[in-house]
J.: 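This is the structure, below, for whatever I ask next.
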2 protein chains.
Amino acid sequence: MTIEARGALSREAVLEAAARLVKEHGPDALTMRRLAAELGTAVTSIYWHVGGREALLDALVERTVAELGEIRPCAGTPEQRVVGVARALRRQLRDHPHLVALVHERGLTERMFLPAQQVLVCEAHAAGLRGARAAEFVRAVQFQVVGHVLVERNRERAPVQHPGEEELWGAETAGADPALARALARPVDTERLFVTSVRALVRSLLPQPPAMPTRPADAAG
Amino acid sequence: MTIEARGALSREAVLEAAARLVKEHGPDALTMRRLAAELGTAVTSIYWHVGGREALLDALVERTVAELGEIRPCAGTPEQRVVGVARALRRQLRDHPHLVALVHERGLTERMFLPAQQVLVCEAHAAGLRGARAAEFVRAVQFQVVGHVLVERNRERAPVQHPGEEELWGAETAGADPALARALARPVDTERLFVTSVRALVRSLLPQPPAMPTRPADAAG
DNA sequence: ACCTGAACACCGTTCAAGT
DNA sequence: ACCTGAACACCGTTCAAGT
């Protein structure tokens with residue numbers, strides 16, 4: 001439909017049109033023929049500039065990863081900062097569902113997390129964690145955050161569930177704990193669960209500052 | 001190539017052939033035409049028995065989810081049992097990469113976890129957790145496990161990384177903590193990280209028993 | 001009820017030919 | 001160097017026709 005400004009078809013123009021196509025109509029809409037129509041060129045011209053479909057997707061995904069990977073530091077305690085980084089990353093991933101779908105499919109969701117690693121390392125150090133233990137902390141958080149986002153996406157794509165949590169946790173299955181059954185029958189508050197989980201992980205893996213007077217939590221690495 | 005035993009093409013036979021095709025050659029190999037050739041029938045016969053490709057995939061995935069979702073209880077402390085369930089589920093997912101790829105694509109990885117929910121509820125109760133807090137625990141573990149598996153898959157599908165952790169954490173970036181840099185430059189031991197993370201989450205969210213008499217030397221893997 | 005082939009409307013990719 | 005149309009080898013799906 002929309003014909004691009006003609007003349008001098010460039011690699012950049014192709015990528016831009018491809019990105020727009022994906023953003024507006026989803027990854028499936030990105031076919032070589034449709035893209036060519038959008039650009040007002042022959043299908044084969046695209047091959048000259050960016051190569052085949054795989055190469056085009058590679059370039060598109062690389063672009064997205066670089067853009068969304070940017071991370072800016074926050075303030076607060078180490079725990080708060082880690083949660084902040086996690087939430088920022090999650091938001092960016094959720095704000096571009098179609099482009100990120102491509103990133104997921106190509107297995108590069110993880111790759112996007114690399115810039116955030118540095119921030120996490122700082123927080124680990126600030127909390128007194130070093131060496132292999134710090135590395136483990138960084139990776140645990142990384143897997144946790146990316147994993148959560150992938151699960152959310154998985155849930156959103158899921159068709160109608162077939163027992164489904166609602167039926168599975170109906171009145172009689174509840175047994176001795178109706179409050180739990182009610183909670184599990186409700187849809188998940190993913191934002192809340194996300195923060196809870198990240199916080200729980202951080203609290204277990206990061207040495208906690210003395211803070212409360214009651215009992216000394218070990219400050220030793 | 002391999003022609004099925006002819007006569008009386010059934011829905012079951014179609015599903016079985018489709019499953020074998022996916023298992024042996026991956027989801028991309030499952031085309032209507034190839035499947036028909038494998039069965040020794042006309043392409044259109046498949047449409048009569050199972051409907052179009054989407055319906056076929058639905059049936060296939062439903063089947064896989066039901067098979068892999070089975071869960072058998074283990075022994076030990078609540079923490080050990082939760083970790084046991086988590087590991088069992090992870091193993092099953094990793095043992096059938098091709099079929100599970102279909103499950104992932106259709107957004108049903110999560111659905112497979114439903115049977116395990118009951119086990120987790122028991123453990124939550126055994127540890128003295130009830131109501132909404134127990135529900136939160138169950139879901140946190142669920143997201144954690146499924147998320148980890150999805151991340152692992154994501155990593156495996158990823159092409160060559162482009163800074164890549166190795167370069168990113170080369171000698172000079174390390175700064176004050178060369179041990180950490182070395183650890184992050186090494187490939188991840190996903191099994192170990194998985195157990196560490198699940199354990200960390202459980203320890204944060206599950207009320208811990210008094211246990212040791214002297215003092216809890218926590219966090220030590 | 002079950003199976004068929006032909007046909008339709010799509011794909012991605014290649015290639016010889018143009019300027 | 002850049003762009004083109006024609007052609008190839010695939011797709012999933014529909015449909016009228018067979019038994």
Side-chain angles (χ1 to χ4, degrees), chain A residues 1-22 24-62 98-99 101-102 105-107 157 159, chain B residues 1-22 24-62 98-99 101-102 105-107 157 159:
Chain A
M1 294 293 189
T2 21
I3 304 295
E4 283 290 296
R6 294 291 310 269
L9 178 64
S10 68
R11 179 187 159 87
E12 217 27 58
V14 173
L15 287 183
E16 200 175 320
R20 188 161 41 80
L21 213 44
V22 170
E24 287 171 16
H25 303 99
D28 286 347
L30 182 62
T31 73
M32 303 303 270
R33 285 178 152 88
R34 179 158 180 186
L35 182 56
E38 206 90 4
L39 287 161
T41 49
V43 198
T44 42
S45 298
I46 298 169
Y47 282 82
W48 200 92
H49 283 286
V50 297
R53 189 167 189 265
E54 286 301 289
L56 172 60
L57 256 39
D58 280 339
L60 213 56
V61 158
E62 197 182 343
H98 283 153
L99 273 176
L102 277 183
E105 275 161 32
R106 313 224 110 208
R157 313 188 73 211
Chain B
M1 293 294 188
T2 22
I3 304 295
E4 282 291 297
R6 292 294 307 271
L9 178 64
S10 68
R11 180 187 159 86
E12 215 30 55
V14 174
L15 288 183
E16 200 175 319
R20 188 160 40 82
L21 213 44
V22 170
E24 287 172 15
H25 304 98
D28 287 347
L30 182 61
T31 74
M32 302 303 270
R33 284 178 152 89
R34 178 157 181 187
L35 182 56
E38 207 88 4
L39 286 161
T41 50
V43 198
T44 42
S45 299
I46 298 168
Y47 282 81
W48 200 92
H49 283 286
V50 296
R53 188 167 191 267
E54 286 302 289
L56 172 60
L57 257 39
D58 281 339
L60 214 57
V61 158
E62 196 181 344
H98 283 153
L99 273 176
L102 277 184
E105 275 161 31
R106 312 223 110 209
R157 313 188 74 210

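Fair warning: this is a prediction, and the values are worked out from it, not measured in the lab. A, B, ... follow the sequence lines: proteins, then strands. Residue 1 opens every chain.
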J.: Calculate the interatomic distance between B:Asp28 atom CG and C:dC11 atom C1'; express it in whole Å.
T.: 14 Å
J.: For C:dC8, give the paired nucleotide (Watson-Crick: N1-N3 plus N6-O4 or O6-N4; G-U: N1-O2 and O6-N3; both under 3.5 Å), or none.
T.: D:dG12
J.: Could you state the atom-to-atom distance from CD of B:Glu12 to P of C:dC2 in whole Å?
T.: 15 Å
J.: Got a donor-acceptor contact below 3.5 angstrom from the A:Arg33 side chain to the A:Val43 backbone?
T.: no
J.: Expressed in angstrom and rounded to an integer, what is the separation of A:Leu57 atom CG from C:dC11 atom C1'?
T.: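 Rounded to whole Å, this separation is 14 Å.
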J.: Which is true for B:Thr31 with a 4.0 Å heavy-atom rule: it touches a base, it touches only sugar-phosphate, or it touches nothing?
T.: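 If one applies the 4.0 Å heavy-atom cut-off, B:Thr31 turns out to touch the sugar-phosphate alone, with no base involved.
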J.: Could you check if a side-chain atom of B:Arg34 sits within less than 4.5 angstrom of a side-chain atom of B:Leu30, using non-hydrogen atoms only?
T.: no
J.: Check whether any side-chain N or O of A:His49 sits under 3.5 Å from a backbone N or O of A:Val14 as a donor-acceptor pair, and report yes or no.
T.: no
J.: Please give, in whole Å, the distance from C:dC11 C1' to A:Leu30 CG?
T.: 13 Å
J.: Rounded to whole Å, please give me the gap between CG in B:Leu35 and P in D:dC11.
T.: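 B:Leu35 atom CG is separated from D:dC11 atom P by 12 Å.
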J.: Quick one: B:Arg33 CZ to C:dC11 P, roughly how many Å, whole number?
T.: 15 Å
J.: Can a donor-acceptor pair be found, under 3.5 Å and without considering hydrogens, that links the side chain of B:Arg157 to the backbone of A:Glu105?
T.: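 Here the side-chain-to-backbone pair exists.
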J.: Nearest to the side chain of B:Val43, which nucleotide is it out of C:dT13, D:dT13, D:dT4?
T.: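 Selected nucleotide (nearest to the side chain): D:dT13.
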J.: Is A:Thr44 side chain donor-acceptor paired with the D:dG5 base, going by distance under 3.5 Å alone?
T.: yes
J.: From the list D:dT4, C:dT4, C:dG12, which nucleotide is the closest neighbour of the side chain of A:Ala42?
T.: D:dT4
J.: Could you tell me how far apart B:Tyr47 (OH) and C:dA6 (P) are, to the nearest whole angstrom?
T.: 17 Å
J.: B:His49 has an atom NE2; how far is it from atom P of C:dC2, in whole Å?
T.: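 Rounded to whole Å, this separation is 6 Å.
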